[in-house]
Asker: 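So that we are looking at the same thing, I have put the structure below in structure tokens.
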2 protein chains.
Amino acid sequence: MKKKKKNENSSKIFLGHDHGVCFGDAITQIEDYFIKKKLQLTPLRRKVFEILIEDHKPLGAYEILEKLGKTGFSSSPPIAYRVLDFLIEHGFVHKVQGLNGFIACSNPNHSHFPTFVICRKCEKVAEVSEEKSGLNLPSPEISNFKIEKTTIELTGICSTCENAEIR
Amino acid sequence: MKKKKKNENSSKIFLGHDHGVCFGDAITQIEDYFIKKKLQLTPLRRKVFEILIEDHKPLGAYEILEKLGKTGFSSSPPIAYRVLDFLIEHGFVHKVQGLNGFIACSNPNHSHFPTFVICRKCEKVAEVSEEKSGLNLPSPEISNFKIEKTTIELTGICSTCENAEIR
DNA sequence: AGTTAGTGTGTTATGTTATAACATGTAATG
DNA sequence: CATTACATGTTATAACATAACACACTAACT
Ligand SMILES: [Zn+2]
Ligand SMILES: [Zn+2]
Ligand SMILES: [Zn+2]
Ligand SMILES: [Zn+2]
């Protein structure tokens, strides 16, 4: 039972998971949050969030629009951008700047300066929480600056792709 | 001599400087680098770099193009983007993702995972070096991931603007 | 000299991402 | 039932970025 250890603990952050559970949990979380905050989880908002959580990889606004169109919603750009802004504001979606994409948060109910780790080869994207990223904000040097929002994205190559590369 | 201490050491990163020196140094640095690497610091490349270092705040590609046009260069988009890509590749320019802007590096000849600190009110942007940012990459959690490029941008409000706000 | 390859710039056209401005519908408030 | 707030819809356009091709210049070989 101790075989094949070598690659098992590399890049845990990119590991798979039970997506049925993941999806269900996420829906429950957003429902609870919206009730608590007396916000409307409308069919459109729910649908956008579902689209994102289904894939849970970054999607472009126009990809989302296309999927919306296929389910009977309007697919003009402001529809997507407005809902996305709203979901971002409430911490259920993040924008991945480097990809002009939007992704469902992998852990809402959380103080939130997330790091995104992006493999440029397999294009997997992992959200790493503040505590685990090793990024300690803020430093003394910038301590007088009041951080409201962070964009932290690490692009490179994951261990799976690295190992697969012919050298 | 101990008066007015309170605000003096806030947000040093946004402090002013002797821009004549700054500009001259930057030009010298890029000249030296290009010679050493046997690259061509053509009039166009030099001009783009000068435009950026003159303001040393982020400019959009189309703003740069406008300035290029006024000095006799072509001002069609690929001109700017190509030169910017080249200067970025060699570490003399950075892209500020959150602003779709480009800014001259404040310290080339440097291992380079810079942090940008952006005041959303006065729109000042400061580049903080790796060592000073307090961001220690990578963490154990992501140590199997080979980081090639980082985007680290902290948006918020600087102490000057903070103090100016009526509460 | 003539050919070839590499590099830098120019041009046209088009693709992609995002927002402005205005219109409509619906529900809660007074 | 007017007023307000909010959610969605629509049209048009702005802002950002790249593809594809053309041409000039230099260096290096044949
Ligand atoms: Zn998150
Ligand atoms: Zn990968
Ligand atoms: Zn820099
Ligand atoms: Zn400020």
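Model, not experiment: these values are computed from the prediction. Proteins get letters first, then strands, A, B, ... in listed order; numbering begins at 1 in each.
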Asker: Using the test side-chain contact (heavy atoms from CB on, under 4.5 Å), find all partners of E123(A) that sit at least two apart in sequence or belong to another chain.
Answerer: none
Asker: Connecting only ILVMFWY residues whose side-chain heavy atoms lie within less than 4.5 Å of each other, what is the rest of I103(B)'s hydrophobic cluster?
Answerer: V96(B), L99(B), F116(B), I118(B), V125(B)
Asker: Sequence neighbours left out, what passes ring-ring contact (aromatic ring centres under 6.0 Å, His included) with H19(A)? Give chain and number order.
Answerer: H17(A), H56(A)
Asker: Can you list every pair that meets side chain to side chain donor-acceptor pair (under 3.5 Å) and has a residue in residues 30-41 of chain B, with sequence neighbours left out?
Answerer: E31(B)-R46(B), Y33(B)-H90(B)
Asker: Tell me every residue that passes side-chain contact (heavy atoms from CB on, under 4.5 Å) with S75(B), counting only those two or more places apart in sequence or in another chain.
Answerer: L65(B)
Asker: Counting only heavy atoms and a strict 4.0 angstrom limit, can you tell me which residues of residues 32-55 of chain A come near DNA chain D?
Answerer: Q40(A), T42(A), L44(A), R45(A)
Asker: Sugar-phosphate means primed atoms, P, OP1 and OP2; the rest is base. With that split, encode nucleotides 11-23 of chain D 5' to 3' as B, S or - using protein heavy atoms under 4.0 Å.
Answerer: B----BBBB----
Asker: Apply the hydrophobic cluster definition, ILVMFWY joined by side-chain contacts under 4.5 Å directly or through others, and give me every member besides V21(B).
Answerer: none
Asker: Scan residues 76-87 of chain B for pairs that pass side chain to side chain donor-acceptor pair (under 3.5 Å), counting only residues two or more places apart or in two chains.
Answerer: S74(B)-S76(B)
